[in-house]
Structure formats: structure tokens, C-alpha cells
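Residue numbers start from 1 in every chain, and the chains themselves are labelled A, B, ... in the order their sequence lines are given, proteins ahead of strands.
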Number of protein chains: 2
Amino acid sequence: MPRARNTGRPQSGPEERPSRAGAARLSLYLRCLEGWLREGVATVSSGQIAESLGISDAQVRKDVSYVGSLGQPGVGYQVTDLIEAIRQALGINREWRSVLIGVGNLARALLRYQGFRAQGFRIVALFDSDPAKIGQEVEGLKVDALEHLGDKIMTLGAELAILTVPAESAQPVAERLHEAGIRGILNFAPTVLRLPESVRLVNVDLSIQLEQLAFQVQLHNMP
Amino acid sequence: MPRARNTGRPQSGPEERPSRAGAARLSLYLRCLEGWLREGVATVSSGQIAESLGISDAQVRKDVSYVGSLGQPGVGYQVTDLIEAIRQALGINREWRSVLIGVGNLARALLRYQGFRAQGFRIVALFDSDPAKIGQEVEGLKVDALEHLGDKIMTLGAELAILTVPAESAQPVAERLHEAGIRGILNFAPTVLRLPESVRLVNVDLSIQLEQLAFQVQLHNMP
DNA sequence: GGATGTGAACGACTTCACAGCG
DNA sequence: CGCTGTGAAGTCGTTCACATCC
């Protein structure tokens, strides 16, 4: 039997930031909330969010508690307030200037995808090493030579980079990005980049995702 | 002070399958190992793998132990054996027939990406709802109408699907995929799909990845 | 009543540390 | 000696359960 008594424990709770896993879910909450906002919904409960994401309501409350205590018992959360609080916690309540290196099909897909702009990410420059591509205009931006990477990043004040170059060029390009002052790289090249810890890294390896899928299907087939 | 209590019994169930997180790392090990294989390296130690991935050697040994005890103390692992064992554990030591729905830029990028074929994934059909695209040939495959989805999936024996359709169409298409017998979906649409648990799901939401990157950069800036 | 926020239990994952073997 | 494999300890993240509040 669990027994809970004596609520008073003033301090020791160190957790005041969303955990890494929690942050990923906050992005999902944001998706739902923005949908409801468009539909004119004013308040939601943790149970509703949980239901539409297929997770537990306790999980939602725990995650949300990291961004502040803005729920009303018996009612739920104000949609607009929660959106605001999550965007602030994730650091996307401002513009993030980003550059894109490697103008292939993947890059074009990303450029066309409107979700970025909506969340405050603005791609301000494109680079490629292929002379045939340099000078071309893609989605309203002119492709620049890699040579100008450092200059333009500093001039434009870009902080993030999206890497969609072939695996072989990823490491050297990443190092140049670091030197140019880039703070975070979204890496699509199927390589493990080694960079100083001051450059944050998020990897999206499409092949690995497919392997995970195969693994899960296999697991599910024979337990 | 550790307040660890006598854990009595960890419980009978000894872990004999890679954990979910472990499986993701196995894919990474595979990348390294395949590189070394090409360079003619015959044996590697857990420390070498760990070093090139920036993780701990204990982590590598633990993960690898799930796929079998094939290391030699004082020596390390035979590269070829380890590759074989990991591929078997992940379920990619065979062909997985896959279909792709939504032939846009992202799809073209995926089709051109050779990494899939190398790992045993073979895309056997393309579908799109746009009449202008139906009949076109893309990377050696003819784009088919969504109408034939069920038929072709069953005829070709496809088990996996890659979803690169707009968010609005993702849920209905996913349901049709399920009905056609697809066992796993790699979803690129920025939506939460609700499907029976028998269909495994891996989501790749590019916008969320960027948000994670921004979050991490922000965290790193002001601790 | 209905929902939040939160210690505490629980479970999953990671690191430690060391026996054992080539 | 160097390196593996593995219990045990430690850490992190999730779920439970309940006091609390509208």
C-alpha cells in the first residue's frame, strides 16, 4: 500500500527544464493545439491532448508542468496560453535564421515545406558545390558557392544549418559551419559528425529510420 | 548517499532482445562496421566503435551482447561476424519490399538515395493521386494511381510503406495501407496517425527535428 | 464533479566495476 | 596485459495515486 502524507518538502526539485524526450513531445502538443486553435477551441484538458496523441494524461500533465502552472483544475488549459508557453520553452517564439547546404531533391522538399516558416525558421541562404547549380534560383533564393559560406553566414546572422550534402562532404562542411559561428546543425547525411560540444547536432538518417521500422515489424511478428 | 534498497529479484525476464534505444544504436554500429569492412579491417574492439560514435565502450558491449556473445576477450569482434549478427537482430538480413505513396521532391530524394537498397529495402511501387504524375516514370518505376493501391500491394507482397503525402491525406491513405496488409509505415507527413497496434509506425517530422535543434541550442546558450 | 500538479513507486536505460579468458 | 560479458549500482523517464482547487 502506498502512503502519501505530509506534503511539505520545500526544495530539492532540480528539474525546471523539459527533458530531452519531453521536448520532443512538446512539439507534438503544439501541433495539436495549433489545430484546435484554428478550430476555435478555447480550452483543452490533459486527457484530450493525451487521447489524440495516444499517450497517457499523466505524461501530458508532467510535460506541461515544466513550462509553467497554467492549468485550471476542473477546466484544463487555455489553448492560446499553452501554445505561447510551449513556444517559449522550446525557444521558437522568435525567428531562427538558417542556411541550407546541398541543394538536391531533399533540400527542395524542405524548402517547399511550409511548416518551417510557420514555426519561425527562416532559410536565408542556399549553398552548393556544383557549379551547375550555383546561381540558380530555388524557391526564391539564389544558390551560392560554398566559398562564400563563412561570409554570408556572418553577414546574415544565421545560427542554424541544414546539411543535405553527400556523406563524404558532410564532415568538412560541418567544420566550416562551426568556424562560421553556426550553433546547431540538422544533419541528413548518413554519417556520424564529430564536432565540438558547442555545436548542437540533430541527426536524421532516413536509412536508419527504415531499419527501425523493419526491426519493430519483426519484433511484432514473433514475440 | 545511495538509498538503494535491496532489490530482491530483478525478475526472471532476462532481456534477450535489443531494447528500442539499443536498436537505434545497432544501426549506427552497422554503419561504422561496414565502413571498416570496406577498408579491410578484420577486428574491432568496443572501445573503437565507442570512440568513433562518441559513446561509452560499456554501452557498446551491452548493446552488442544482445545480438550474441561473439567477442574474443583481449581481441575484440570479428567485423564480418558482427555485421552479420546485427543485421539478423535488426531483421534486415532479408529483403523488405516497400511501396512509396506521394511522389514529390522528398520521394525523389528517397528513391535516389542508395542507402536503402544496400540495406535490403526495395521499393517496388509508387503511388500518387495527381493525374499529371500517374504514368510518369521516376527512377525506373512507373507512378500508379491510388486506386490500385490494394491490388498492387498484395500482388507484389509489399510489407512496408513510406508515406510522403500531404498531412491531410495521410490518415486515410494510412488506413488503406493497413487494409492492404502493410505491416509498417514510415510516415513523413506532419500528423499523428492513429492506427491499430498491428501496424508499426515510425514518424519523421522534419519540422519537429528543427524545433528540437532550436531547443538544444537555446538550452546550451543559457544554462 | 472534473481536472490539475506532484511526490513516490516503478521501470527502462546507462554506467560502473570486475571476474574471467585469450 | 587487453578486452569481453555481466551483475549491480545509478540515473533518467514514465506511471500511479492522491491532495487540492475551481
Side-chain angles (χ1 to χ4, degrees), chain A residues 1-26 28-29 41-51 53-79 81-82 85 219, chain B residues 1-26 28-29 41-51 53-79 81-82 85 219:
Chain A
M1 284 329 168
R3 73 201 53 195
R5 305 208 49 314
N6 188 2
T7 44
R9 263 291 162 261
Q11 283 313 42
S12 73
E15 19 195 326
E16 199 42 66
R17 298 275 172 195
S19 66
R20 188 82 147 309
R25 280 190 304 268
L26 286 178
L28 287 172
Y29 303 163
V41 178
T43 67
V44 292
S45 68
S46 58
Q48 291 171 311
I49 298 176
E51 160 65 22
L53 258 52
I55 60 181
S56 76
D57 56 340
Q59 180 75 82
V60 174
R61 286 200 299 280
K62 196 66 118 180
D63 289 340
V64 166
S65 76
Y66 291 124
V67 311
S69 303
L70 24 81
Q72 285 173 267
V75 181
Y77 306 87
Q78 211 69 23
V79 172
D81 294 358
L82 194 44
L219 267 196
Chain B
M1 288 323 162
R3 61 164 288 145
R5 308 226 9 165
N6 177 355
T7 44
R9 310 282 265 82
Q11 220 19 305
S12 54
E15 11 202 323
E16 201 41 69
R17 296 275 172 196
S19 66
R20 189 79 146 307
R25 280 189 304 269
L26 287 178
L28 288 172
Y29 302 163
V41 178
T43 68
V44 293
S45 68
S46 58
Q48 290 172 312
I49 299 176
E51 161 64 23
L53 258 52
I55 60 181
S56 76
D57 56 341
Q59 181 75 80
V60 174
R61 285 200 299 281
K62 196 66 117 178
D63 289 339
V64 166
S65 76
Y66 290 125
V67 311
S69 304
L70 23 80
Q72 284 173 267
V75 181
Y77 305 88
Q78 210 68 22
V79 172
D81 294 358
L82 194 45
L219 266 196

For this session: Output the single nucleotide from D:dT14, D:dC3, C:dT15 whose closest atom is nearest the side chain of B:Q59.
Result: C:dT15
For this session: To the nearest 0.5 angstrom, please state how far the CD atom of A:Q48 sits from the CG atom of A:D57.
Result: 11.5 Å
Exercise. How close or far is atom P of D:dG2 from atom OH of B:Y77, stated in whole angstroms?
Worked result: 17 Å
For this session: Ignoring backbone atoms, test whether A:Y66 places a side-chain nitrogen or oxygen under 4.0 Å from the OP1 or OP2 oxygen of D:dT14.
Result: no
Problem set entry | OG on B:S19 to CZ on B:R25, rounded to 0.5 Å | 6.0 Å
Exercise. Which of the following nucleotides, D:dG5, C:dT6, D:dC22, is nearest to the side chain of A:Q72?
Worked result: D:dC22
Exercise. What is the distance from OH of A:Y29 to P of C:dT4, rounded to the nearest Å?
Worked result: 12 Å
Exercise. Taking only N and O in the side chain of A:R25, is any of them less than 4.0 Å away from OP1 or OP2 of D:dT14?
Worked result: yes
Problem set entry | Interatomic spacing from CZ in B:R61 to OG in B:S56 - rounded to 0.5 Å | 8.0 Å
For this session: Let me know the distance between CD of A:Q48 and P of C:dG2, rounded to the nearest Å.
Result: 14 Å
Problem set entry | side-chain N/O B:S19 vs C:dA12 OP1/OP2, d < 4.0 Å | no
Seminar exercise, completed: d(B:L28 CG, B:D63 CG) to nearest 0.5 Å is 10.0 Å
Exercise. Among the nucleotides D:dT15, C:dA3, D:dT6, which one has an atom lying closest to any side-chain atom of B:K62?
Worked result: D:dT6
Problem set entry | d(CG, A:D63; C1', D:dT15) in whole Å | 12 Å
Problem set entry | Listed nucleotide nearest any side-chain atom of B:A58, set D:dA17, C:dC16, D:dG5 | C:dC16
For this session: Give a yes/no on whether any side-chain N or O of A:S46 is located under 4.0 angstrom from OP1 or OP2 of C:dT4.
Result: yes
Problem set entry | Nearest-angstrom distance from the residue atom CG of A:D57 to P of C:dT4 | 8 Å
Exercise. What nucleotide, of C:dC18, C:dC13, D:dG2, holds the atom closest to the side chain of B:P73?
Worked result: D:dG2
For this session: Grab the CZ-C1' distance between B:R61 and C:dC13 for me, whole Å please.
Result: 16 Å
Seminar exercise, completed: Separation between OH (A:Y77) and CD1 (A:I49), nearest 0.5 Å, reads 7.0 Å
Exercise. Taking CD from A:Q78 and P from D:dC22, how many angstroms apart are they, rounded to a whole number?
Worked result: 15 Å
Exercise. Considering only side-chain heavy atoms of A:A21, which listed nucleotide, C:dG5, D:dT4, D:dT14, is closest?
Worked result: D:dT14
Problem set entry | Spacing of B:R20 atom CZ relative to C:dT14 atom C1', expressed in whole Å | 18 Å
For this session: Quick one: label B:L70 by what it contacts on the DNA or RNA (base, sugar-phosphate, nothing), any heavy atom closer than 4.0 Å.
Result: sugar-phosphate
